[in-house]
Amino acid sequence: MGRWDRRIGKAQDSVVTSVVDRISAAAKHLGIDGDVVPFGSYTNTLYNANSDCDVTFVPREDAWGEAALHILKLIAQELPSHGFKSIIQIFQASTPIIKAIDPGGIEVDLCIGNYLGIYNSRLVSAYCQLDRRVGEVCRLVKQWAKSEELSSSSDGHLNSYAFTLLSLYYLMSTSPPVVPNLQDLASGSGHDSVKVVDWKWGQRITWDCKFWEDLELVPKSTNTDSIEKLLKGFFRYYTEEFDWSTRAVCVRLAMTNKAGIVPKFSLASPATKDGWYIEDPFDLRHNLGAKCVQEGRQRILKLMEETLRRLEDGGLPAFHSHRSSKKTKFMLKCRVHVEKVTLEDFKSTITTSTKDSFELHFPLAGRAKEVADAFLIFKSKESQRQVHELNERTIGEWQLRLMPCSTWALDDVLTSADYHHLEVPAKIAPKAQENVADQVRNGYRSATTVAEVKELIELATTHDLKYEEQLGLKRLKQLEAQAPAAPPPSAVPAPSLSAPAEAAKLEETSAEDTKSRGTFQ
């Protein structure tokens, strides 16, 4: 496997340190020996306020396949005991992960043994340290892609890391280059190979992850272009200069020949004329452009052209203004078999996880394709995440595979397929939690029948008002106890409290048991 460098992924940020410490405590409690290592944007300076914190658990003893998945499942069960909430399990992916929210509100993605992710982050971090403009251009490109809903390979576009590689390759292609090729510098310098074993392709493959790390010895670039000029150059380069039909975006081989061109048909992964080729710097089998479909490629280039014109007309202010005007959409898509999952079953399953209204596009039965995507549009990120927690649950024999998606994905399928379109209302008209609690308690005071109390109990249950629910059950017992036989004619009925007075008495006797909720207002 090669030695794991414990310097990898060291993050000084207190947020990341807290995440690492909590997951480490979970693993220790389970008796699993290993290290929690941050990687991704939080360790290469490309993070922003909306970034996920990527971490990988590196077991002391190598674990791959089912063994790694078993560890991930154990940690998923343990995380709530260490302050994490909203656990989303994505075990059927090529790289199984857990998504969770830490006590500070940071979204965390956890996987097992992602050594290549660690080294990729180190490489990006090294380029960012060479020249501050690298980080700034990469961040702007990634933010642009996200605002235009282009950073998702599952929708037929490119993922966030692919846009980072596009940025790095461009910055090596400027004249003069903003940064050198660190992998090429290490290849002829007597650097020892850094062997990393990976099992992603279903077999044991060793990759060489070395690059030049003595950054203080690298001469500063003579390129003095501003951020705005470099950003314009990025969009111009990929829309006007780069030949996607013959060339590859290959950071590993950039600047290694006079022409500065890497033919895509010379690389390890199969290539086509129309398909894009964006090589992973270390995993040479991984083409990050392979899932970018024709509609996605056309859309990316079209939006790049529009953005270049906007930059030329209004500069960075126009670029930022347009980006900030974009409204975030909260969507999920889910593959469904229309003969195994009915519209009603799907809708009722989704409504078990959110009380808010949402929009549903469901494929019509009888269409040519039995399996197609259903689309959900939510009003908030919280509702989206609540439903995403249903991932890998089942409806009958069908397992749900929920994943975030873009409006482009929905637009693309609606051009060629027919869908049901429903506006699913909120379960109950939205009210502040405390107002509902008041409504329930006041209802108990005036309720005189079992039916009225049962209706109020249902309302309390719907809003997860445990105290009011218990209060209602006690009131229900009192009413049911009063219902039996009328007294004999000669008997004189004992004085009794009125229904409102009885409810008030119930509140008084219950208050001692629920001091944390306080008394009625």
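Side chains included, hydrogens not; waters and symmetry mates left out as well; all remaining heavy atoms used.
- Electrostatic pairing of Lys28 and Asp33 does not count as a salt bridge here, judged by no charged N lying under 4.0 Å from a carboxylate O.
- Shown here for Asn287 and Trp276, the closest heavy-atom pair between the two residues is ND2-O, 3.1 Å.
- In this structure, CG in Leu332 is found 10.5 Å from OG in Ser383, a value given to the nearest 0.5 Å.
- Heavy atoms of other residues, nucleotides or ligands lying less than 6.0 angstrom from NE2 of His70 number 12 at most.
- Rounding to the nearest 0.5 angstrom, the gap separating the OG atom in Ser41 from the CZ atom in Arg139 is 10.5 Å.
- For Arg441 and Glu468, the salt-bridge test passes: some basic side-chain N is under 4.0 Å from an acidic carboxylate O.
- Two residues are said to be in side-chain contact when any heavy atoms from C-beta on lie closer than 4.5 Å; Trp408 and Leu150 meet this criterion.
- Heavy-atom contacts from other residues, nucleotides or ligands closer than 6.0 Å to CD of Glu423 number more than 12.
- One finds no salt bridge joining Arg22 and Asp102 here, because no Lys/Arg side-chain nitrogen approaches an Asp/Glu carboxylate oxygen to under 4.0 Å.
- Environment of NZ in Lys302: sparse, with no more than 12 heavy atoms of neighbouring residues, nucleotides or ligands closer than 6.0 Å.
- The CG atom of Leu390 sits 9.5 Å away from atom NE2 of His388, with the distance rounded to the nearest 0.5 Å.
- A salt bridge links Lys347 with Glu344: the closest approach of a Lys/Arg side-chain nitrogen to an acidic carboxylate oxygen falls below 4.0 angstrom.
- Residue Glu392 places its CD atom among more than 12 non-hydrogen atoms of other residues, nucleotides or ligands, all under 6.0 Å distant.
- Between Glu389 and Arg385 there is no salt bridge, since no side-chain nitrogen of the basic residue lies less than 4.0 Å from a carboxylate oxygen of the acidic one.
- The line from CG of Leu72 to CD1 of Ile32 is 9.5 Å long, rounded to the nearest 0.5 Å.
- Salt bridge status for Lys340 with Asp345: absent, with no side-chain N to carboxylate O gap under 4.0 Å.
- Side-chain contact between His361 and Ile377: present, with at least one pair of heavy atoms (C-beta onward) separated by less than 4.5 Å.
- For Asp373 and Arg335, the salt-bridge test passes: some basic side-chain N is under 4.0 Å from an acidic carboxylate O.
- Ion pairing of Lys379 with Glu359 is absent here, as no side-chain N (NZ or NE/NH1/NH2) approaches a carboxylate O to less than 4.0 Å.
- Annotation: His320, atom NE2; neighbour count of heavy atoms from other residues, nucleotides and ligands within 6.0 Å is above 12.
- Ion pairing between a basic and an acidic side chain is recognised when a charged N comes within 4.0 Å of a carboxylate O; Lys326 and Glu148 show such pairing.
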